[in-house]
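Here's the structure, in structure tokens; my notes come after.
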Amino acid sequence: MDKTAAQLDAQSTNENDELPDWQHDVRVLQEHLQYAFVQGCKVLGQGRVADYIPELARADTYAFGLVAQKTDGTVVSCGDVDTRFSIQSVGKVITLAMALKLFDIEEVFSHVLMEPSGDSFSSIIKLDTKSDLPYNPMINAGAIQVVSLLANHVNSQDVLQFARYMCMDPDIDLNEPVYHSEAQTGDRNRAIAYLLKSKGVLMADPEETLDLYFRLCALNVTAKSWATLGLVLANDGENPITSQHVIAPNHARAINSLMFTCGMYDGSGEFGVKVGIPAKSGVGGGIACSVKGRMGIGVYGPALDEKGNSVGGLAALEYLSHALHLHVFDYHPYIVEG
Ligand code: GLU
């Protein structure tokens, strides 16, 4: 029989023990994930799939999947976790990580700021009126700027290989229909690239930059890819399964910080309060979450709220954060002092 939220909550911590039950017993974690899945499913009808990139409108509003991968390699999952969907804005994490690998961290952040914009992801307003540099690498203007930094040094195959490596997913590939659909309709992103060029800050040819950006956004991933990406970030840049140092610890720290402050669009502040986990979402319905030292969580749920975040993902993550005490500023009853 299904457990109630109160029963699950009661078993999520164990006062006689150092660690909560879910850290000992994978079945407890699976039960919580299952419950979170149900919370997410309940609200899917309140969201809408993105349609400003026509190909994205083909997604199923009621598709939903959750995966958690712990640092010890344990994986629990529920729902549509093998469905391929396009990476969209979560790709901004991949290109930022690549740029940090190729250039000094100071160099990267001399081309893009580190501030939340408070505006929607494709807004052009602050770029035109307030600052010559984009506010952060997690919004379109900032990601296009970072991609321009990369464009003279890497090609789309390099980006693809790096995405596969970061997510430990050799099956990531270009979704051609999504790529063509966005390339044909991406006028807002064209406007951003040319505005950056007009200010003299874009680092490469605008058309080459945009082509690399559109190809990045059209990579096909799964919720599992996101759990692994989150896990690498949660583990200071090292993949705990393969022991590969995928990115440097200070780069993981910078990316986690930007995910926390800017990763959930102009809903990042509210997400920070309610969920409190560094996360990046994309309009393809994905969310990658990095739970420091503990796990990566991947979400697929293409029904979005008005800001572009998966409605099912938000509900499920709020439940998981509360039940498993995952909020970065949470009080952990099992931490022994002294
Ligand atoms: N390819 C999308 C765009 O540039 C990404 C947006 C997103 O996922 O936030 O509009």
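Start at 1 and go down the list; that is how both ligands and their atoms are numbered.
With a 6.0 Å cutoff to the six-membered ring centre and a 45° limit on the axis angle, K280 counts as a cation-pi contact of Y265.
With hydrogens and angles disregarded, no donor-acceptor distance shorter than 3.5 Å links the side chain of D132 to the backbone of V201. Judged by distance alone, the side chain of S86 and the main-chain N or O of A218 form no donor-acceptor pair under 3.5 Å.
When side chains are defined from C-beta on, N140 counts as touching K92, because their heavy atoms get closer than 4.5 Å.
Ligand 1 has at least one atom lying under 4.0 Å from a heavy atom of Y52.
Of the candidates K280, Q88, E182, the one placing a heavy atom closest to atom 3 (C) of ligand 1 is E182.
The Y213 neighbourhood of ligand 1 comprises atoms 3 (C), 4 (O), 5 (C), with distances under 4.0 Å to a heavy atom of that residue. For ligand 1, the atoms closer than 4.0 angstrom to any heavy atom of G282 are 8 (O). Less than 4.0 angstrom separates some heavy atom of N189 from each of these atoms of ligand 1: 3 (C), 4 (O), 10 (O). Applying the 4.0 Å criterion to heavy atoms of C217 picks out, from ligand 1, the atoms 1 (N). Annotation for ligand 1: atoms under 4.0 Å from non-hydrogen atoms of Y265 are 7 (C), 8 (O), 9 (O).
Ligand 1 has a nitrogen or oxygen under 3.5 angstrom from a nitrogen or oxygen of N140.
Put simply, CD on E176 and CD on E55 are 11.5 Å apart, with the number rounded to the nearest 0.5 Å.
Contact record, S310 with I287: CB-CD1, 4.1 Å, taken as the closest heavy-atom pair.
Looking only at protein heavy atoms, the nearest one to atom 7 (C) of ligand 1 is S89 OG, 2.7 Å.
Residue contacts with ligand 1, taken as heavy atom pairs separated by less than 4.0 Å, involve V283 via backbone and side-chain atoms alike.
In this model, a donor atom of one side chain and an acceptor atom of the other lie less than 3.5 Å apart for D211 and Y179.
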